[in-house]
Every structure is written in structure tokens, then in C-alpha cells.
Visitor: 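Structure provided below as C-alpha cells; questions to follow.
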Amino acid sequence: MTATDSPPDATALASRVEEFLAEHDPSTTEPAEFLRERFAAGLAWVHYPAGLGGLGAENGLQAAVDQAFAEAGAPENRPRLNVIGLGMAAPTILRFGDEAQQQRWLPSLWTGEDIWCQLFSEPGAGSDLAGVGTSAVRDGEGWVLNGQKVWTSMAHHARWGILLARTDPEAPKHRGLSYFVVDMTAPGVEVRGLRQITGEAEFNEVFLTDVRVPADQRLGEVGQGWAVAQYTLMNERVAIGGGTLPRESGAVGPLTARWREHPEARTPGLRDRLLRLWVQTEAARLTAERLGQQQAAGQPGPEGSGVKITFARLNQECSSLELELRGEDGLRYPDYTERRPEVEDYASRDAGWRYLRFRANSIEGGTSEILRNVVAERVLGLPAEARADKDVPWKDLPR
Amino acid sequence: MTATDSPPDATALASRVEEFLAEHDPSTTEPAEFLRERFAAGLAWVHYPAGLGGLGAENGLQAAVDQAFAEAGAPENRPRLNVIGLGMAAPTILRFGDEAQQQRWLPSLWTGEDIWCQLFSEPGAGSDLAGVGTSAVRDGEGWVLNGQKVWTSMAHHARWGILLARTDPEAPKHRGLSYFVVDMTAPGVEVRGLRQITGEAEFNEVFLTDVRVPADQRLGEVGQGWAVAQYTLMNERVAIGGGTLPRESGAVGPLTARWREHPEARTPGLRDRLLRLWVQTEAARLTAERLGQQQAAGQPGPEGSGVKITFARLNQECSSLELELRGEDGLRYPDYTERRPEVEDYASRDAGWRYLRFRANSIEGGTSEILRNVVAERVLGLPAEARADKDVPWKDLPR
Amino acid sequence: MTAPATPTTGDLLYSDVEDDLRASVRALVDKQAPWDAVLARTDTDEAVDTDLWKRLTGEIGVAGLAVPEDRGGAGATWREAAVVAEELGRAVAPVPYLGTVVATALLLGTGEDELLAAVAAGERAAVLAVGATHGAGSPVPVTVQRQGAGDLLAGTVTAVVDAVTSDVLLVPVDAAGGLAVVEADGDGVTRTTSESLDMTRRLTDITLDGAPARIVEGGDMGRDVDRALRIGAAILASEQLGLAERCLADTVEYLRTRHQFGRALASYQALKHRLADLWVAITQARATARYAARCAADDSPDLPVAAAVAQAHCSEVALLAAEEALQLHGGIGFTWEHPAHLFLKRARADALILGSADHHRTVLGDLVGLPR
Amino acid sequence: MTAPATPTTGDLLYSDVEDDLRASVRALVDKQAPWDAVLARTDTDEAVDTDLWKRLTGEIGVAGLAVPEDRGGAGATWREAAVVAEELGRAVAPVPYLGTVVATALLLGTGEDELLAAVAAGERAAVLAVGATHGAGSPVPVTVQRQGAGDLLAGTVTAVVDAVTSDVLLVPVDAAGGLAVVEADGDGVTRTTSESLDMTRRLTDITLDGAPARIVEGGDMGRDVDRALRIGAAILASEQLGLAERCLADTVEYLRTRHQFGRALASYQALKHRLADLWVAITQARATARYAARCAADDSPDLPVAAAVAQAHCSEVALLAAEEALQLHGGIGFTWEHPAHLFLKRARADALILGSADHHRTVLGDLVGLPR
């Protein structure tokens with residue numbers, strides 16, 4: 001295909017998938033090989049440009065392609081493990097990377113050979129991400145990183161990390177940042193499991209000590225890091241909001257199941273609370289559906305922030321009520337021993353674990369407080385919070 | 001009694017009351033005359049100074065005196081009608097008035113011959129009372145007032161009003177205010193009933209047009225009005241917080257009565273809400289009791305703000321739930337015709353009226369939002385809200 | 001018992017036709033019944049704006065939206081009817097729309113096509129004679145009986161909504177489950193309208209004593225009335241949505257312009273967060289109301305669940321919005337000459353009529369298999 | 001039915017003696033069991049800090065406060081015992097205080113003076129063998145029976161609080177209402193302690209199979225146990241109060257020092273208002289807890305109401321305080337190496353043990369004449 005070809009439509013894509021499968025039998029081709037060939041054929045993410053795993057097709061056409069591959073028994077590209085790579089790093093590389101960077105990172109990212117992680121948050125920079133203090137100092141053509149990152153999912157599996165660092169502490173906070181891709185196997189990168197209140201270590205702390213990063217691993221211009229990071233996070237927000245859900249999905253599911261299975265635990269007061277949560281969950285579900293319909297109709301709405309606030313609260317309230325329904329069992333806990341959970345599978349976990357884990361829902365990926373500010377300021381047009389940190393050199397800010 | 005006598009104790013007071021009653025038979029003395037004599041005898045408010053209706057006794061000794069007079073069938077001094085006079089104007093006159101002012105105003109205030117009102121709030125100055133715009137301009141020895149006041153209880157009964165006005169619009173807002181006593185019968189004072197959402201006009205608007213106020217009707221120095229007004233309001237806050245209450249008093253009373261009398265309206269969900277409100281009411285009652293005990297023990301605590309926030313919310317939620325219990329009756333309303341209620345008697349009023357009237361509980365006498373700021377800043381020591389109005393001439397502030 | 005299945009959601013967005021309909025209704029209502037006119041009317045004996053109702057039914061045809069064209073209506077659906085309810089809620093318009101919705105839903109299931117066509121055209125106003133607070137899902141209260149063997153009725157129905165100006169009463173009679181058509185101005189009918197908490201929608205007590213009636217043929221009164229009340233509940237949710245949106249919009253506007261302590265009130269974060277929470281609740285109210293209207297329009301078997309969810313949610317959201325609006329307007333919102341109380345009273349009453357949130361939650365629990 | 005009468009409130013303030021007692025307990029606990037030591041212990045098999053318990057009972061005499069001097073105690077009252085609970089709640093101290101309170105309250109009503117004195121002196125630890133979530137006001141569960149005609153017992157009691165290190169079990173037996181004294185380390189007794197949501201107060205399942213027992217003479221097991229549980233509920237409210245205060249204080253401190261966007265978090269009004277609301281709730285928790293302790297101390301007939309109110313209120317306030325603390329600490333509060341989770345887990349468990357708020361509201365409704 002040359003650049004002047006018009007992008008394929010659904011029918012053309014279906015033919016290409018059929019041709020590809022005829023040439024690459026999933027049952028006999030080695031999985032990694034199969035995935036690399038699929039990427040080369042432009043059938044990885046069809047809305048990406050030709051040569052980068054796509055064919056420049058419309059975004060909505062991917063689902064049918066994926067389904068056809070799934071039905072043919074094609075191997076998966078580890079999407080659950082590489083959610084940061086696929087959802088956040090890839091679009092950022094596509095938008096801000098040069099051609100060499102795109103060719104270097106996108107193929108192994110998509111195939112799942114290389115897992116990616118995100119090195120943004122720091123102990124001193126949570127909601128206020130632009131306050132990050134990890135330093136990147138020029139060293140010849142490259143950079144040397146020092147600092148500490150936190151809340152890094154997948155860091156212990158990751159080959160690459162996208163990282164926000166301060167290249168100019170004399171500049172105001174938003175203007176002194178740059179954005180790098182870090183080799184997680186480089187000397188000076190230390191990943192430690194971060195134990196959380198469930199007892200498990202789902203996230204990591206990442207300590208960076210004199211980590212050398214070559215010049216060609218910067219994304220965007222020096223000082224432009226905030227804009228690049230914003231783009232990355234915009235993709236995260238899209239990933240969290242919206243979507244279609246079955247009735248009674250989410251945290252209300254185990255709660256209603258418990259109610260139905262344990263008549264002895266029922267009281268009138270608990271039923272009232274249960275029904276309130278059922279109604280709220282159904283309302284939230286319909287809201288998420290409506291948001292999806294708006295996005296599909298090309299009217300992206302700001303409801304995503306509201307959906308996230310609501311699901312966080314419902315997860316917390318439902319799991320808390322579930323503990324009450326469980327009575328004595330609600331007081332027990334399976335095991336607080338420090339472990340590394342491989343995959344988040346909430347429904348199969350103990351009620352107590354869910355109650356604890358869901359406390360983070362209103363913190364991770366934007367606190368509910370920050371999201372209320374977002375709704376108030378961007379949706380309702382209310383004045384922004386007074387702040388004194390915008391035009392002051394970062395080094396002079398109170399911390 | 002001369003100034004060098006030591007103040008009387010409880011026994012001495014009891015004797016004085018006995019003597020007084022022996023000389024002034026309540027059943028034969030004309031009520032106004034009786035009250036004037038009681039004032040002159042120092043048995044009006046015994047903790048006030050001699051010559052001003054008191055004997056310089058301890059504050060806590062008043063109750064026994066009042067009780068003795070009540071048991072003897074002595075006339076009342078209209079305390080419900082003159083709550084502003086007795087509770088707010090009198091202590092302010094005592095603290096900031098000169099002797100001539102005290103002698104002029106306190107006797108007829110205490111006897112109830114002269115009702116007082118408070119002219120503080122304005123349409124443009126509610127929570128931000130220091131922003132009042134009613135002007136007081138010097139005119140020879142006296143002053144001329146122009147402006148509009150609002151939410152004035154009793155103005156249509158009042159002979160005198162305590163008023164906050166701006167004497168220097170060039171000064172920052174808190175520094176350009178002075179405090180006056182206004183003759184409500186003076187030319188240019190117009191009192192209009194202010195109809196509220198219940199249909200009634202419990203409060204008033206007061207329009208002031210070229211109202212002349214003599215120089216000797218100012219309380220405190222020119223420019224000191226804010227401090228004087230603060231003192232007045234401190235006395236209001238004391239009147240609102242604290243006190244002993246019977247169980248199930250307040251808005252929960254008619255609610256539980258309805259519940260007990262109407263089995264057909266009961267549902268499990270409503271019972272849960274009822275019991276939650278019962279518990280909250282009892283908790284608030286005990287908190288008010290504890291506050292009273294603290295004050296009696298000489299440890300005045302800041303709990304008053306919390307008590308006011310809580311009772312406002314409970315009044316609102318209880319009356320709202322009562323409407324639900326009433327079903328069809330909850331949809332009816334007796335009469336929205338504009339009227340002047342003489343005395344607030346909440347318990348005897350219709351549930352719908354109470355629901356509407358109680359909406360104001362979280363606004364009048366300090367909004368719940370302002371009181372939360374007070375708790376956060378004065379009790380918890382959190383930083384004050386950023387404000388840009390403190391050092392700017394009042395006339396230059398945004399409005 | 002197992003978790004309920006997930007029905008198809010259907011379209012929850014507004015169509016272009018609905019947008020146009022909304023614009024027409026809003027333009028008319030804004031002109032004919034701005035809030036100060038609505039308020040002024042409450043101090044008169046003319047509780048209903050009959051002129052506005054005439055124009056709404058005559059010019060826009062709001063009474064016949066869900067009636068097929070071949071039965072005298074506009075051939076639209078309850079979805080479009082719900083959009084009208086949003087606008088009328090936004091304006092607390094004193095017109096008998098909700099009563100007409102319920103009566104129309106009921107008549108659609110009967111053979112009363114002459115009456116249906118007259119109602120759809122706005123020529124006659126019909127109302128179901130059932131007390132305002134009765135909600136779908138519990139047995140229809142029957143308080144009127146046939147007198148002797150004839151077709152004369154006797155009994156009392158209290159607190160009927162939108163019966164002030166109605167021409168025809170649809171009256172449940174007899175334990176057997178009949179429905180009677182009674183001329184509202186006919187012999188033996190006494191209507192007494194009293195002051196109501198919601199001044200813009202007054203209640204009427206109806207006494208029948210020897211009132212001539214025609215019994216509707218066929219149908220199952222209990223089932224038909226219940227279904228009509230469910231459709232009414234679905235449409236009421238849209239009224240509550242419109243009201244809540246208006247309260248939020250007015251409050252945002254007020255807080256942006258009102259300054260205290262040298263700052264716009266809208267800049268105070270505690271107020272910003274409360275408004276953000278209210279906005280979130282309203283987006284959910286919209287989703288539930290749209291889904292309920294969709295289920296009514298498509299005669300979905302999920303209508304009972306959808307209507308109960310919408311009422312349980314929208315009743316509380318509208319009340320919250322009206323109460324927050326009053327609180328955040330401060331003193332001015334407590335005065336008669338400000339619209340805040342019109343919305344508060346409507347929201348408080350709406351949370352009771354056609355069944356309270358508590359009623360709908362209880363019904364819902366049985367529908368989705370969450371037993372007591 | 002009429003409104004309940006208002007009992008005398010009594011003194012709700014802290015006495016000088018109570019202030020001194022608080023200072024002693026706090027000094028000891030701060031030194032011996034700061035939060036990092038409490039946390040470190042949770043990863044060991046020594047769930048109870050027996051050394052701290054030895055000093056609390058030996059040096060301060062916390063186990064005998066409510067026991068008269070002539071029966072081996074300190075001759076104070078349940079009021080003073082409540083102050084100790086506040087401090088132990090503030091520290092989530094892993095000591096069997098609550099279980100001791102309930103056992104002592106039960107023994108005080110019996111003739112078991114030898115055992116009572118040993119418990120009061122901290123020489124022996126006793127515990128009521130009833131499942132953790134059982135609340136006063138409903139029949140005491142009896143799951144242990146006499147084996148044959150002798151004095152051997154068999155049965156299982158699950159989820160007992162503070163039984164890990166106890167020496168003596170007080171076991172409800174027989175439908176007739178007896179109470180048996182069983183040596184916890186004796187023959188035929190198996191105790192299994194498992195990991196618990198609240199790591200600082202683990203649950204123990206107890207199985208008796210041929211366990212020798214002595215039946216307590218006299219008394220009415222159902223009534224006596226119920227009363228002991230009510231006193232336990234009253235004292236638990238003070239534990240919840242202490243915990244809530246600690247959560248608020250820690251959060252205020254953190255928000256004052258943590259800066260984001262160039263400002264201390266404590267300067268954001270939305271957070272200020274939430275903390276103000278929490279403070280208000282805590283002042284109310286204190287009033288209810290003090291009143292319940294007062295009623296326990298004076299053997300007031302209002303104890304059932306006071307304990308139910310205190311539990312219904314304080315359970316929710318402590319949980320709110322712990323949840324707000326975790327949320328407002330942000331990410332750091334979600335980590336294992338921060339104390340927030342110790343308080344959260346204790347608050348969540350405390351809201352279930354000795355009966356949930358829902359249970360106490362239900363009981364209360366019957367006590368104050370608000371029928372179903």
C-alpha cells in the first residue's frame with residue numbers, strides 16, 4: 001500500500017484479515033512471530049498509520065478486526081499486562097515521537113514483547129503532578145536522572161517506562177519539565193514492590209540513581225514535558241470512563257448475590273440501603289451507556305469525570321455494606337502476607353480485600369476531589385482555584 | 001445600695017424580691033408601673049450594675065429571681081417580642097453606651113415598653129456583613145442615613161433599632177463603619193413586610209431615606225462600628241447555641257408523634273430514616289447539654305457552631321420526612337395568603353409550613369457554610385479563606 | 001434467585017426532532033409563562049394557565065404526542081412526550097400535562113377512541129381519579145362504587161392532581177375492576193380544589209353522589225391503570241430532570257455574580273464541589289429518565305424497573321437540586337418574590353406524587369429479586 | 001404510645017481524676033505501643049501485646065476500674081473505664097481490654113468473686129464466649145451444651161473477640177440459661193485464631209469437646225449477659241470516639257503540612273468543610289459516649305437506650321473518620337507503612353462488633369416506642 005491509497009473500509013479490512021489468516025495459520029505459527037507479522041500487515045491497530053501497525057482506517061473498525069482474529073484462535077498481545085503501553089505510551093509515541101522512535105518502540109509494544117510502565121507520580125507530586133522533582137540533568141548528548149517515582153503499575157514486568165522529569169528547576173513548574181522514555185533495565189533503576197493496605201504489593205516504587213538516558217529517548221521538546229504528559233493522561237481518562245456494563249455489574253454484584261443467598265442476614269434497614277445502592281448503580285450504568293452513545297455520536301461529553309467519581313463511591317459503599325451482610329465473616333480476612341498479585345480480578349477476591357482495595361478508587365487516576373474541581377471549572381464554568389504556583393520558579397515553591 | 005456594697009448573693013436576692021413583692025402587689029399594681037419599679041429596685045437583670053436595673057450580682061442568680069416573680073403572678077416584660085432588645089441591644093448599650101444613653105434606653109427596653117430591632121443585613125451584605133452600604137453622612141452635629149436593610153424581625157413593632165452604617169466609603173470595609181441607634185418613628189424610616197416562602201411576612205425590609213440621627217445616638221466611636229456589631233452578634237450566637245432540651249424535642253417531635261399515630265403510613269425504609277433522625281437528634285441534644293455544662297463550668301467551648309449547623313439540618317430533614325409520612329396530607333398547605341405571624345410557634349404549625357420555614361434555619365443567624373468556615377478556622381486551626389477585600393477602599397470592591 | 005438479565009438499553013440521546021420540539025415548547029413557555037407570571041398566578045383563583053395549555057395543545061400538540069395519527073394524535077412516542085415534560089418542569093408551568101399523560105396512557109389501551117382523540121387534540125381534558133400519592137406496583141385504590149344496580153356512582157377520591165380544569169374523570173370502580181367515564185361538570189359531581197404545597201399544581205377532592213357514568217368495555221382496570229401510572233412515573237422523571245437542571249443553572253448563574261468577602265461566591269471550593277456533585281447526580285437523572293421514556297415508548301417489558309429506578313432517583317435529585325438552590329441563594333431565595341420556592345415546592349410535591357422514592361425502591365426490590 | 005420521658009442527663013464532662021487517668025494511659029501507650037510498633041506486631045504471631053497489657057493492668061489497674069475495692073478492684077466506675085477505652089482506641093492498642101470489660105461486667109453480677117478479683121488485678125484474663133457481632137437486645141446465642149449429665153461441655157463458638165490470650169472462658173450453655181466457667185487451656189478446649197480484617201484484634205473460634213466446666217450459681221444468664229453486652233457497647237463507643245479523634249487530628253496535621261498547587265491542602269475549602277463536618281460529628285460522638293458511660297456507671301434504667309444511641313452513632317462516626325482520613329491522606333494513606341489502615345480496619349470491625357448500627361437502631365426503635 002502506498003501513502004496515496006485511500007484507507008480501507010470494513011469490507012476491505014475483513015478481506016485483509018482473511019488473507020492474513022490464510023497465510024499465517026494461528027495453530028501452527030509461533031505466537032510472537034504471528035503477532036509481529038500481524039503488526040507488519042497493518043492489522044494491529046488499524047487506525048494507526050501504515051508502517052506502524054495500522055492502515056490509517058477509522059478508529060471504530062478495530063473491534064471487528066479483533067473479533068475476527070479472536071475467532072480464528074489468534075494469540076493475544078497481553079493487553080491486560082500492557083494496559084499502560086497500549087493505552088497511554090503508544091498514542092503518546094505516535095503523537096510526539098519521531099519516526100525512528102516510532103519504529104523502535106511501537107512493534108514490540110504492540111506485540112506485548114515489551115511491557116511499559118508510567119513513571120509520573122512522586123511522593124511529593126500526586127494530584128499536583130506538575131510539581132514532580134525527579135531531576136534530569138544534561139550530560140553530553142544525554143541526560144542523567146535522579147529521583148523517586150511511586151504508584152507504578154507493572155514496573156516489575158516493564159522493559160520501558162514513560163517518565164516526567166524536571167529539566168529546569170529555575171522555570172515555573174509547568175515549563176521546566178521534559179518527557180523521557182527510560183530503559184527499566186538500565187543501571188540505577190531500582191524497582192521495589194509497594195505494599196498496600198490489602199497486604200499485597202500491586203504497585204511499585206521506582207528509585208532512579210544516576211540513570212543515564214540517551215538523547216534520542218526524549219519525547220517532545222525540552223521543556224514541553226507537561227504538554228506531552230497531559231496528552232498521555234487524556235488517553236488514561238478515556239480508558240477509565242464510559243463503556244457498556246451489564247446490570248448489577250461492579251461491586252453491587254457480590255452484594256446482591258450475598259443478599260439472595262443469605263436470607264438470615266436480611267433486615268429492613270439493610271434492604272433499604274441495598275436498594276438505594278442498586279438504584280444508584282443502575283443510574284450510573286445508564287449514565288455510562290449514555291456517555292458511550294454520545295462519544296459514538298461524535299459528541300464527547302465531560303460526563304467521564306462524574307462516572308469515575310460515582311463508580312469509586314459505589315465500589316466503596318457496596319463492599320462496605322457487603323461486610324455488614326457477612327456479619328462474622330465480614331470480620332475475617334484471608335491473608336495479609338505480602339504478595340504480588342498478578343492480575344486484578346476483583347470479583348473473585350474476598351469481600352474484605354475488596355473493601356480495602358476500593359478505598360484507592362477515589363484516589364488513583366485522579367482523586368474525586370480533583371475531578372470535582374474539573375467538573376466545577378470545565379463543565380460548570382466556575383472560577384478556578386486561586387493558586388500561587390504558576391509563575392514562580394519551581395525551586396522556590398513551598399513543599 | 002451604694003457602689004461600695006458587695007453584690008447580693010442568692011439569699012439576699014430572695015429577701016429583696018420578697019420585700020419588693022410585699023410593697024408592690026402584682027394583682028393590684030398596674031403592670032407597666034410594676035415593671036418600672038422592679039427595674040428601679042435592681043431586680044430586672046440582677047447582674048447589671050446598680051442604677052441600670054441590676055445589683056451587680058452574679059449572672060446565674062437571675063433564674064431564681066425570675067421564678068419568684070413568676071410564682072407571684074408578676075407581669076412579664078414581653079421577652080418573646082423583645083428578644084433583640086433584651087438579648088442583643090441591651091448588652092451592647094451596656095458595653096458601649098455612655099451613662100446618658102444607658103439611662104435613656106435601658107429602662108423602657110427592659111420593661112418591654114419599647115421594642116427594639118436590629119438593622120444590620122442588607123440585600124448586598126449577608127454573610128459578608130462588613131460590606132454594608134447604608135450610608136451615614138455627617139450633617140452638623142448629627143448624621144443622615146440612606147440605604148436599605150433587610151431580614152429585620154420586629155421592625156413593625158419596634159420603637160428603636162440598632163444599625164450598622166458606612167461612615168467612610170474610602171476606608172477598607174471593616175474600618176469605615178459606625179453603629180447607631182435609630183428612632184423607628186423618625187421621618188424617612190419606612191418598614192415593609194417581607195413576604196417569605198411560607199406566604200407570611202415574618203421579617204421586614206426597612207428603607208431609610210434621609211433619616212436624621214442625632215449625634216448622641218451613636219454607640220462607640222466613629223469607625224468602630226464593626227467591633228460594636230461583633231459584640232452584638234456574639235450575644236446572638238450565645239442565645240442560639242446550648243441549652244437543655246427534652247428528649248424528642250424539636251422537629252423530631254411531630255415526626256415521631258405522626259409515626260405513633262399512623263400505623264398505615266409505616267414502611268421499613270421510612271422507619272430506618274426515622275430511627276437515624278431519632279439517633280441524630282438525641283446525639284445533638286446530648287451535645288447541647290454537654291455544651292451547657294461546659295459553659296456552666298467556665299469552659300466555653302466552640303461547639304455552639306456545630307449545634308446550630310446540626311439543628312438546622314435536623315429540622316429540615318425531620319420536617320421533610322414528616323411530609324412523606326403524611327402522604328396526601330403532605331401535599332396540602334393551609335394558606336399562602338400574606339399574613340403577619342405574631343409569634344413563632346413551630347410545633348403548632350402545619351407540617352408543610354415547618355418544612356418551608358426550616359429552610360431558613362441554615363441561613364439565618366449565620367449560614368451553615370460560614371459556620372463550617374468558623375469551625376475549620378477557629379477550632380481546627382486550618383488556614384482562612386483567601387480574600388482580597390481587607391485592605392481595599394470599600395468603594396472599590398466588586399459587588 | 002439470580003441476578004436480573006440486562007435488557008437492551010436503546011437510544012438515550014436526544015433526536016433532532018426532540019431538540020426542535022424542546023425549542024418550540026421553551027419559546028412558548030418563556031414568552032407566555034415566565035416565572036414571575038407563574039408566581040403572580042398563584043395568588044389568584046386561576047390556578048391553571050388555561051391559555052398556555054390551549055396553545056401547547058393547539059399549536060404544538062403536546063397532548064397527542066404519544067397517540068397514533070390514525071387515532072387523532074401526532075404519532076410520536078412517549079420519548080417526545082418526556083422532552084415536553086422536561087421543559088414544563090423547567091418552567092414549573094401550571095398546566096395539566098402530567099394528568100393528561102396518565103389519562104392518555106390509560107385511554108390508549110381502551111376502545112374510547114372518540115374521547116382519546118378529543119384529549120389528544122386538547123379539546124377535552126381527562127384525568128384519572130386516583131389520589132396523587134398512589135404509585136404503580138401496589139393495588140389501585142377503589143373508593144367509588146356503583147349506586148344500586150344502575151350506572152350512577154357514589155364515593156370520594158381525594159387529592160387528585162390536574163383535576164381543576166378537567167372535563168372528564170376516569171374513575172376506578174368496583175372490586176371487579178371496572179373503569180368509569182364521568183363528566184366532571186355533570187350531575188352529582190362535586191370538585192373542591194384546595195391550596196396545595198405546590199401552588200402550581202393544586203389538588204382536587206372529588207365527591208360523586210349519583211353521578212351518571214359510562215363503564216369502559218373490556219380491559220383489566222387494575223392492570224391498565226397500573227401501566228398508565230408507570231408511564232406517568234416515567235414522564236414525571238423527565239419533569240424532575242428539567243426542574244433540577246433549571247435549579248442548577250440558576251444557582252451557577254447567581255453564584256457567579258454574587259460577591260461576598262471580595263470574591264464571587266462561585267469561587268469558593270466547598271460550593272463548587274457541591275455543585276459538581278449535583279451536576280453528576282443530574283447526568284444520572286437524565287440517563288434514568290431517558291431510559292424510562294425509551295421503555296415507555298417501546299412498550300418494553302423493562303418499563304416497571306425503568307420507571308421505578310427513574311422515580312427513586314429523580315425524586316431525590318430534583319429535591320436536592322431545589323434545596324441546594326434555595327440554600328445557596330441565601331436570604332434572597334427565601335423570599336416570595338424569588339422563583340426558588342416555586343421549584344422547591346414542585347420538587348417536594350413531585351417526590352410524593354405517583355409514589356415516593358421509598359415506594360419505588362420497595363417495588364423495585366420485588367421486581368429485581370431482592371426479597372425482604 | 002407517647003414520647004419517651006427525658007431521663008436526667010448527669011455529668012458529661014471529664015473529671016480531674018479522668019484527666020489524670022487519661023494522661024497515665026496515654027504516656028504508657030505512646031511509649032510502649034506507638035503505631036509503628038503496633039503495625040510491626042501485626043506481621044508476627046504475637047497478635048496481643050501482652051507486655052503492654054501487663055503494665056496497663058498492673059501499673060494503672062485498667063482491668064479493675066469498675067470493680068469495688070472490697071471485691072479487689074479500684075473502686076472507680078465505668079466512666080473512668082470509658083476514658084481508658086478512648087485512649088486505647090486512639091492507639092489501636094492490641095490488648096484485650098474490650099473483652100475484659102464485658103467479662104468484668106458479667107462477673108460483677110455473679111458470686112464469682114475470686115475470679116473477679118483475679119481479672120481485676122490482671123492476673124487472669126476472662127472473656128465471654130459469644131460471637132463478636134452479637135449485639136445486646138436480641139436473645140443470647142447458645143451453641144454449647146452439657147455433654148450427658150455431667151459437667152463436661154461440647155459445642156462451638158465462632159469469632160470471639162479478645163480470646164487469644166484469655167485464661168478463662170465464660171460460656172453460655174443450655175436453653176435454661178446457664179453460664180459456665182471453662183479453663184481456656186484446659187482439656188477438651190481448642191482455640192483457633194485466624195487472620196482478621198482488624199489485625200490488631202483477631203478473632204478466635206472456640207471448640208469444646210468434653211471440656212470440664214463449673215456452672216455459675218444463681219443469676220439469669222440471658223439478662224446478665226445482655227446487660228454485660230450493653231456495658232460493652234457503651235465502652236466500645238468511647239473506643240470509637242478516641243479512634244475518630246485521632247483520625248481527625250492526624251488528618252488536620254497532614255493537610256497543614258502537605259502542599260499541592262503551591263498551597264497547603266488545609267487551605268482548600270472543600271476539605272475544610274469536610275473536616276468541620278467531621279469535627280461536629282465527633283463532638284456528638286463524645287456526648288453520646290459520655291452519656292452511655294454515665295448510664296453504665298450509675299446503673300441507669302436508660303442504659304439500653306444510651307448504649308444503643310451511642311453505638312448507632314459512634315460506629316458511623318468512627319468509620320467516617322477513618323475513611324475520610326484515608327481519602328484525605330491520598331496515596332500515602334493507602335500504603336502499608338502508614339497508620340491510616342490500622343484505624344480503618346479497627347473502625348470497620350468496631351462497626352460490626354457488639355452489634356452493627358443497624359442492629360442498634362432496630363433495638364432502639366422498640367425501646368423508645370417507634371413500632372414497625
Side-chain angles (χ1 to χ4, degrees), chain B residues 121 123-128 130-131 150-151 173 194-201 203 205 267-270 273 316 320 323-324 326-338 351-352 355-357 359-360 362-364 367-370 372-373 385-390 392 397-399, chain C residues 42-43 131-134 158-161 194-199 201-203 205 257-265 267-271 274 319 322-323 326-338 340-342 344-345 348-353 356-359 361-362 365 372:
Chain B
S121 295
S127 294
D128 183 12
V150 76
W151 301 118
K173 59 198 283 190
L194 178 60
R195 195 174 178 191
Q196 61 204 43
I197 68 175
T198 56
E200 298 178 345
F203 300 99
E205 294 177 292
T267 74
L270 294 180
R273 277 169 67 195
Q316 292 166 356
S320 190
L323 290 182
E324 288 207 33
R326 296 178 75 89
E328 282 183 7
D329 284 350
L331 290 173
R332 301 182 194 273
Y333 195 82
D335 189 3
Y336 276 118
T337 311
E338 185 167 357
Y355 172 75
L356 295 174
R357 179 61 185 82
R359 301 318 305 174
S362 46
I363 300 169
E364 58 197 342
T367 67
S368 292
E369 290 74 25
I370 290 289
R372 284 192 193 95
N373 275 358
E385 286 301 294
R387 47 193 295 185
D389 63 334
K390 283 200 157 170
V392 183
L397 290 175
R399 263 184 289 277
Chain C
T42 67
D43 273 329
T133 59
H134 176 73
T158 53
V160 179
V161 152
S194 56
E195 189 55 276
S196 305
L197 184 69
D198 177 5
M199 309 169 295
R201 184 180 272 158
R202 295 193 192 162
L203 303 180
D205 297 331
T257 51
R258 170 91 170 172
H259 285 68
Q260 296 275 278
F261 307 107
R263 284 166 58 186
L265 286 182
S267 73
Y268 287 91
Q269 197 195 30
L271 309 189
R274 279 162 66 173
L319 190 55
E323 291 184 345
L326 199 124
Q327 176 68 21
L328 296 177
H329 275 82
I332 187 73
F334 190 65
T335 62
W336 185 265
E337 301 297 338
H338 187 279
H341 67 112
L342 296 173
L344 178 72
K345 291 163 183 174
R348 181 60 271 186
D350 274 1
L352 286 171
I353 71 176
S356 66
D358 179 64
H359 167 82
R361 278 192 293 269
T362 307
R372 293 148 214 246

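Only a predicted model underlies this, so the values are computations on that prediction, with no experimental measurement involved. Proteins come first, then strands; the chains are lettered A, B, ... in the order of their sequence lines, and each starts at number 1.
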Visitor: Might you work through the side chain to side chain contact (heavy atoms under 4.5 Å, CB included) test for C/Ile332 and B/Val150, ending with a clear yes or no?
Guide: CA-CA 10 Å; C/Ile332 187 73; B/Val150 76; over 6 Å; no
Visitor: Please look at B/Ala125 and chain C and tell me whether the side chain, the backbone, both or neither of the residue comes under 4.5 angstrom of a heavy atom of that chain.
Guide: backbone
Visitor: Of the backbone (N, CA, C, O) and the side chain (C-beta and beyond), which part of B/Pro334 lies under 4.5 Å from a heavy atom of chain C, both, or neither?
Guide: backbone
Visitor: Should C/Val161 and B/Leu331 count as side-chain neighbours, where that means a heavy-atom distance under 4.5 Å?
Guide: no
Visitor: Of the listed residues (C/Ala264, C/Gly262, C/Ala349), which shares the most heavy-atom pairs with chain B below a 4.5 Å separation?
Guide: C/Gly262
Visitor: Using 0.5 Å steps for rounding, measure from the CD atom of B/Glu338 to the CG atom of C/Asp43.
Guide: 8.5 Å
Visitor: If you tally heavy-atom pairs under 4.5 Å against chain B, which of C/Gly330, C/Ala357, C/Ser356, C/Ala351 wins?
Guide: C/Gly330
Visitor: Quick one: CZ on C/Phe261 to CG on B/Asp128, what's the gap to the nearest 0.5 Å?
Guide: 4.5 Å
Visitor: Under a 4.5 Å cutoff for heavy-atom pairs, which residue among C/His259, C/His338, C/Gln327 has the most contacts with chain B?
Guide: C/Gln327
Visitor: What part of C/Gln269 gets closer than 4.5 Å to chain B, counting heavy atoms only: side chain, backbone, both or neither?
Guide: neither
Visitor: C/Ala270 versus chain B, heavy atoms under 4.5 Å apart: side chain, backbone, both or neither?
Guide: neither
Visitor: What part of C/Leu342 gets closer than 4.5 Å to chain B, counting heavy atoms only: side chain, backbone, both or neither?
Guide: neither
Visitor: Chain C heavy atoms under 4.5 Å from B/Lys173: which part of the residue, side chain, backbone, both or neither?
Guide: side chain
Visitor: What's the shortest heavy-atom distance between C/Arg258 and B/Gly126, and which atoms?
Guide: NH2-N, 3.7 Å
Visitor: Are C/Leu203 and B/Tyr333 packed together at the side-chain level, in the sense that at least one heavy-atom pair is separated by less than 4.5 angstrom?
Guide: no
Visitor: Please identify each residue that fulfils ring-ring contact (aromatic ring centres under 6.0 Å, His included) with C/His341, with sequence neighbours left out.
Guide: C/Trp336
Visitor: Do the side chains of B/Ile197 and C/Leu344 get nearer than 4.5 Å, heavy atoms only?
Guide: yes
Visitor: Is there a donor-acceptor contact under 3.5 Å linking the side chains of C/Gln260 and B/Ser127?
Guide: no
Visitor: Closer than 4.0 angstrom, basic N to acidic O: yes or no for B/Arg195 and C/Glu337?
Guide: no
Visitor: Measure C/Arg372 against the heavy atoms of chain B and call it side chain, backbone, both or neither at under 4.5 Å.
Guide: neither
Visitor: Of all of C/Met199, C/Glu323, C/Arg361, which one pairs up most often with chain B through heavy atoms under 4.5 Å apart?
Guide: C/Glu323
Visitor: Side-chain contact test, heavy atoms from C-beta onward, threshold under 4.5 Å: evaluate it for B/Leu356 versus C/Arg348 and give yes or no.
Guide: no
Visitor: For C/Gly331 and B/Ile363, work out which heavy atoms get closest and say how close.
Guide: N-CG2, 3.7 Å
Visitor: Looking at B/Thr337, B/Leu194, B/Leu270, which one has more heavy-atom pairs under 4.5 Å with chain C than the rest?
Guide: B/Leu270
Visitor: Who pairs with C/Thr158 by side chain to side chain contact (heavy atoms under 4.5 Å, CB included), at least two apart in sequence or on another chain?
Guide: B/Glu328, B/Arg332, C/Thr156, C/Asp205
Visitor: Any heavy-atom pair between the side chains of B/Glu385 and C/Arg263 that's under 4.5 Å?
Guide: yes
